[in-house]
Enquirer: 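Have a look at this one before I ask anything.
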Amino acid sequence: MKFSAMRNIGIAAGGTFLWFILFIKAQTINFSQHHQYLSNLHQLQETDATLNTDILQAQQESFNDTETILNDLNQIDDLHHNLEDIPDFVNREYYPEIKSALQQNRSLFQDKQDLIAEVIEQETILNQSLKSLPNTIQTLSSQVATEPGTDELINQLNTLLNDVLIYTLSPSDELILKIQRQMAAIRQRADVLTASSDLSLSELDAALIYAEIIVTHESQVDSLVMQILELPTEQQSEQILDIYQHSYQVFLRKTKIYRILFYVVSGLIAATLFIVLIVKTKQLTQNLQKCEEKYRISFDDSVEGIFKITPSGRFLTANTTLATIYGYASAEELCNNLINLNRQLYIQPNRHDELIRILEKYGSVSDFASQVYRKNGTKIWIEEKARAVRDKHGNFIYYEGTVEDVTVRKAWQEALHYEQEQAERLLLNILPKVIAQRLKQLESTIADNFEEVTVLFADIVGFTELSARFPPAQVVELLNRIFSAFDELSDYYGLEKIKTIGDAYMVVGGLPTPRPDHAEATANMALDMQQVITKFNNQNNQTLSIRIGINTGPVVAGVIGIKKFSYDLWGDTVNIASRMESQGLPDKIQVTEFTYKKLQDNYLFEERGTIQVKGKGKMTTYFLSGKIK
């Protein structure tokens with residue numbers, strides 16, 4: 001390293017160290033801490049004055065509301081706590097003095113708080129006596145009102161009550177003497193009455209005690225309030241403020257010289273830095289020119305189109321890649337020719353306006369896919385990423401971003417979407433929609449309990465003989481026509497087709513989504529299934545008939561296994577429905593007694609009677625024949 005370089009480093013290090021030392025010395029006083037501490041001292045004085053005012057106000061209102069006083073005391077306690085944190089710059093000479101004055105101040109406020117508590121206690125007793133005295137005198141007057149010779153006693157008690165109440169409003173020594181004489185006269189009068197009769201004056205002592213409490217406590221409360229107001233808390237707070245201010249001024253004078261030196265050194269350093277900055281700026285300008293040249297090369301060679309466009313749709317800049325994407329020979333040709341993006345570029349009307357609205361609202365946009373025209377009129381898909389650029393006033397001046405040709409990817413996405421739709425449609429043809437959704441969420445086993453559904457089994461009678469007379473393809477085509485009609489009925493009535501087995505058809509109402517009218521919907525479909533068979537026979541010159549069985553009750557429904565999924569039902573309700581079909585009669589709809597009871601008010605039935613049902617014994621069954629109009 002050259003000697004000159006080492007010398008420069010040494011000078012810079014020495015100047016920095018000197019500046020740092022002077023900075024510390026000049027900043028020894030924490031002005032924020034000083035202003036906060038000073039504010040707490042002034043607030044202590046203000047709160048103390050407010051407390052005295054609130055005490056006088058509360059005295060006039062018999063201390064019925066002491067919440068304001070308690071809030072003042074809590075605030076003073078918080079201020080004392082804050083004032084314990086004396087600023088660090090306070091001189092050691094004054095620190096103990098401030099600490100001692102704070103302790104004395106806190107002690108005085110503790111005395112004030114104790115006196116306030118005593119005043120509140122005395123005032124509580126006084127208020128209770130003021131409430132009890134009138135009630136006691138009224139009760140006593142009512143007790144003796146009918147007794148002979150008590151009129152004078154009642155008058156004395158009312159006069160005593162009146163004078164006591166006057167005393168609470170305007171106390172005086174003369175009124176105290178008068179009340180005491182009245183109390184003595186009342187006692188004397190009561191003694192005479194009780195001695196000459198069996199009259200009971202049990203409430204009299206209580207009334208006199210209440211009067212005595214009012215007279216004595218009223219003067220005690222006034223005396224305590226005077227003691228509170230005479231405590232020298234204000235003078236003590238002023239003393240703390242004077243000590244602190246004096247300490248602050250002493251320390252401020254010591255730091256003044258350091259500040260002057262700090263400003264001088266800072267000025268020299270700033271001038272040096274300014275000269276260095278000018279030299280470095282020239283070097284940076286040269287480097288920036290080189291970087292711009294490199295950026296222009298990278299800008300033009302980018303794999304994505306890059307642009308800057310005004311909100312009105314005028315290109316400010318574009319790179320060669322973007323020109324290639326849009327089919328132009330150069331970026332200059334693109335910028336000069338594309339002047340109305342809504343008409344010249346985007347196929348969708350007002351697509352550029354939509355992009356501007358998004359940028360104005362959110363400030364940026366990603367993956368903004370659009371179909372656009374190239375210069376030769378061919379169509380491609382692009383995706384834009386852009387952000388709005390605003391001036392210092394917040395005005396939208398232009399937006400910048402990138403463009404990617406996603407035509408091939410879009411074609412693949414559309415093909416994939418089509419295949420997904422086909423797979424979804426096939427799955428929904430196999431399973432109910434809610435069950436398919438649960439299977440897609442990878443539920444391993446689906447099994448749900450349903451308290452009440454209606455199960456229908458149907459079998460085409462004579463189809464076996466028909467199969468023997470026709471080729472297999474024609475047999476399947478005929479059966480497909482019948483079952484397709486049944487499928488349309490199940491969709492119309494909102495029922496769930498479970499399966500077909502040969503020429504047997506199974507459907508259920510009330511699942512996978514429960515519904516209260518499952519029995520009615522199933523009965524309606526059964527009646528329409530008979531009409532389907534009749535229509536089929538007329539159109540094809542056949543004599544087929546259908547045997548239908550219906551039962552209502554609880555089932556378990558779900559999907560089991562890991563291959564060739566199907567939605568199925570299990571339970572006794574299913575078995576009985578199957579028996580209703582297999583042991584039914586052609587062109588009849590046989591139902592169980594439970595289903596009959598659910599439908600009997602709105603449908604026509606014919607009682608078949610009791611039959612022997614395989615596996616269940618004797619059961620009463622009915623034939624459903626129609627609806628009650």
Enquirer: Check side-chain hydrogen bond (donor to acceptor under 3.5 Å, both in side chains) between Tyr398 and all other residues, then give those that pass, not counting sequence neighbours.
Expert: none

Enquirer: For Glu488, enumerate each residue passing the side-chain contact (heavy atoms from CB on, under 4.5 Å) test, keeping only those at least two apart in sequence or located in another chain.
Expert: none

Enquirer: Please name all residues satisfying side-chain hydrogen bond (donor to acceptor under 3.5 Å, both in side chains) with Tyr328, sequence neighbours left out, ordered by chain then number.
Expert: none

Enquirer: Look at the rings of Phe486 and Tyr505 and say which category their plane angle falls in: under 30° parallel, 30 to 60° tilted, over 60° perpendicular.
Expert: perpendicular

Enquirer: Can you run down the ring-ring contact (aromatic ring centres under 6.0 Å, His included) pairs that involve residues 372-397, sequence neighbours left out, and say none if there aren't any?
Expert: none

Enquirer: Go through the structure and list residues passing side-chain contact (heavy atoms from CB on, under 4.5 Å) with Asn376, not counting sequence neighbours.
Expert: Arg374, Thr378

Enquirer: Sequence neighbours left out, what passes ring pair (Phe, Tyr, Trp, His ring centres under 6.0 Å) with Tyr326? Give chain and number order.
Expert: none

Enquirer: Taking side-chain contact (heavy atoms from CB on, under 4.5 Å) as the test, write out the residues that go with Asn82, two or more places apart.
Expert: Asn40

Enquirer: Taking only residues at least two apart or on different chains, which pairs with a member in residues 330-353 satisfy salt bridge (Lys or Arg N to Asp or Glu O under 4.0 Å)?
Expert: Glu333-Lys375, Arg351-Glu354

Enquirer: Name the atoms and distances for all side-chain donor-acceptor pairs under 3.5 Å in residues 357-369, with sequence neighbours left out.
Expert:
none

Enquirer: Taking only residues two or more places apart in sequence or in another chain, which ones pass ring pair (Phe, Tyr, Trp, His ring centres under 6.0 Å) with Phe605?
Expert: Tyr596

Enquirer: Give every residue pair that meets the side chain to side chain donor-acceptor pair (under 3.5 Å) criterion with at least one member in residues 579-589, sequence neighbours excluded.
Expert: Arg547-Glu581

Enquirer: Could you list the residues that satisfy side-chain contact (heavy atoms from CB on, under 4.5 Å) with Thr402, not counting sequence neighbours?
Expert: Glu304, Ile306, Lys385

